[in-house]
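See structure below.
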There are 2 protein chains.
Amino acid sequence: MKAFSAYKNPALAVDLVVFGYHEKTLSVLLLNRNEEPFKDRWTLPGAFLQMEESFQQLCSRILQTKLGMDNVYLEQLYSFDAPDRDPRGRVISVAHYALINPKKFAVAAGKMANDVQWFPVKKIPALGFDHKEIFTKALQRLQAKIQYFPVGFQLLDEMFTMSELHELYECILGVEIDRRNFSRKILDAEYVINTGIKREGSQNRRPELFKFNKKLKQNNFQLNIS
Amino acid sequence: MKAFSAYKNPALAVDLVVFGYHEKTLSVLLLNRNEEPFKDRWTLPGAFLQMEESFQQLCSRILQTKLGMDNVYLEQLYSFDAPDRDPRGRVISVAHYALINPKKFAVAAGKMANDVQWFPVKKIPALGFDHKEIFTKALQRLQAKIQYFPVGFQLLDEMFTMSELHELYECILGVEIDRRNFSRKILDAEYVINTGIKREGSQNRRPELFKFNKKLKQNNFQLNIS
DNA sequence: TTTCTTTGTGTCAAATTAACACAAACAAAA
DNA sequence: TTTTGTTTGTGTTAATTTGACACAAAGAAA
């Protein structure tokens with residue numbers, strides 16, 4: 001480590017935007033900090049990166065110790081570097097976002113925070129640090145991604161109805177989607193995944209909403225419609 | 001900074017994938033390292049983040065000191081965290097990519113490296129660290145982004161012909177594009193940018209290749225076709 | 001002025017989307 | 001078990017978009 005001795009490194013943290021879907025509402029999990037800075041303010045859950053730890057591991061650690069969750073969909077979002085983003089000093093945050101099904105995890109306040117709570121994405125309070133910016137970027141990413149990749153099933157139970165999926169999409173994208181055309185797109189996509197070939201029918205091909213790729217098929221992706 | 005005293009932080013670096021377009025070829029700038037680790041191997045240019053420095057500033061510093069460039073298009077790519085990616089110890093790399101016009105900058109070896117050279121993206125040699133992975137991700141990002149956002153002009157002169165732009169797109173995407181339909185899309189897009197309304201004509205609307213948004217207009221974007 | 005090259009528009013068939021009628025499947029109630 | 005309503009999926013059609021290519025206008029070179 002000689003090579004680094006001349007450097008004083010900024011601290012490295014991960015902040016998590018945890019999305020959950022419940023009662024037709026997309027929500028985000030926030031912690032009420034019980035210590036300075038931003039004591040009693042809502043913030044995203046986060047923690048500092050340990051020397052030997054990967055981002056994945058750190059995310060799991062945050063989810064487990066602070067929120068009691070594991071095995072969730074996770075994706076790296078962006079790294080935030082504003083020099084003044086943390087009043088304690090220089091901290092780079094490599095933000096990630098997670099998609100979970102709130103029913104599976106009873107959210108309980110961990111040791112650090114005095115309160116953990118779901119907030120609908122339309123009613124996010126003032127956040128500490130630059131977490132509002134992180135949240136906004138995460139929501140935009142989710143909205144963009146759901147249109148070409150089947151993230152979003154992680155927000156529902158293993159089995160879900162077409163209506164539930166339809167509502168989820170309308171909710172996340174904030175637009176109305178024709179129920180029947182949506183249904184057709186999902187079924188077409190599922191068919192392609194399972195068989196590798198397009199579904200025939202007079203004109204019933206709607207390959208736009210999802211552009212499933214082969215990787216997904218390899219990953220044994222399953223769209224369960226009850 | 002008391003709060004951090006318990007932590008030993010991983011080092012933070014930025015690695016740059018600098019794209020240039022020259023003689024109908026998309027290339028990447030590589031440095032031949034003249035010190036361990038990976039002495040005499042090709043790598044992406046990079047440097048460690050100083051305490052008060054933003055990513056932007058660090059990128060500029062790398063471009064200026066190692067490559068003699070400034071004022072280039074720059075975008076954050078992804079953060080790489082494999083614990084063993086640097087044999088010297090734990091180093092997180094927040095990779096960025098840049099688009100430049102090679103004609104504007106005479107590439108000269110800086111102090112650190114003993115050689116700087118353009119490599120066509122189809123002929124990248126074995127790279128040190130995990131830089132092959134970073135390069136691959138950058139190329140994929142560029143290919144994806146160019147299809148809905150007008151990055152890519154930065155690779156050409158201020159004035160360029162339609163043929164040049166057309167070639168650039170074919171080169172980056174690695175596919176053939178009909179010259180005439182391409183031309184129409186570009187001109188339609190330019191028209192929308194300048195006037196805010198669609199270009200009329202019997203069926204000559206091709207709004208797919210670029211989805212220019214208003215932000216671009218605000219940024220005074222100009223597509224100069226000689 | 002002629003000839004060649006570059007560039008842009010017209011046209012048309014195929015593919016895709018959006019909107020909505022209708023029918024089958026399912027569930028709840030009687 | 002029948003009735004009644006709700007959910008879900010397919011059919012159909014018009015409008016939009018794409019892709020392929022003919023052809024013409026504009027420039028550049030000879």
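Scope of the values below: all heavy atoms of this structure, side chains included, with no hydrogens, waters or symmetry mates. A, B, ... follow the sequence lines: proteins, then strands. Residue 1 opens every chain.
- The separation between Asn181(A) atom CG and dA14(D) atom P is 16 Å, rounded to whole Å.
- Of the listed nucleotides (dC20(C), dG19(D), dG9(D)), dG9(D) has the atom at the smallest distance from the side chain of Ser183(A).
- Straight-line distance from the CG atom of Asp188(B) to the C1' atom of dT17(D): 12 Å, rounded to whole Å.
- Taking atom CZ on Phe182(A) and atom P on dG9(D), their separation rounds to 11 Å, with Å as the unit.
- For Lys145(B), the side-chain hydrogen bond (donor to acceptor under 3.5 Å, both in side chains) partners at least two apart in sequence or on another chain are Glu75(B).
- Spacing between atom CG of Leu187(B) and atom P of dG10(C) amounts to 12 Å, rounded to whole angstrom units.
- Sorted by first then second residue, the salt bridge (charged side-chain N to carboxylate O under 4.0 Å, His left out) pairs that include residues 126-135 of chain B, not counting sequence neighbours, are Arg85(B)-Asp130(B).
- Rounded to whole Å, atom C1' of dT18(D) lies 7 Å from atom NZ of Lys185(B).
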Q.
What does the B/S/- profile of nucleotides 22-30 of chain D look like, 5' to 3', with a 4.0 Å heavy-atom cutoff to protein?
A. BB-------
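- Residue Met162(A) places its side chain closer to dG9(D) than to any other of dA20(D), dG9(D), dG8(C).
- Every residue was checked against the side-chain hydrogen bond (donor to acceptor under 3.5 Å, both in side chains) condition with Gln76(B), not counting sequence neighbours, and none meets it.
- Residues that satisfy the side-chain hydrogen bond (donor to acceptor under 3.5 Å, both in side chains) test with Ser79(A), not counting sequence neighbours, are Ser79(B).
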Q. Should Phe153(A) and Phe160(A) be marked as a ring pair (Phe, Tyr, Trp, His ring centres under 6.0 Å) after you check the CA-CA gap, both sets of side-chain angles, and the distance that decides it?
A. CA-CA 9 Å; Phe153(A) 303 143; Phe160(A) 48 85; 5.6 Å; yes
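- Applying the 3.5 Å distance criterion, the base of dG11(D) shares a donor-acceptor pair with the side chain of Arg184(A).
- Rounding to whole angstrom units, CD of residue Glu176(A) and P of dC20(C) are separated by 11 Å.
- Regarding Gln147(B), its CD atom lies at a distance of 12 Å from the P atom of dT18(D), rounded to whole Å.
- Tyr78(A) and Phe80(A) have their aromatic ring centers within a separation under 6.0 angstrom.
- Rounding to whole angstrom units, CD1 of residue Ile186(A) and P of dT7(D) are separated by 18 Å.
- Partners of Asp178(A) by side-chain hydrogen bond (donor to acceptor under 3.5 Å, both in side chains), not counting sequence neighbours, listed by chain and number: Arg180(A).
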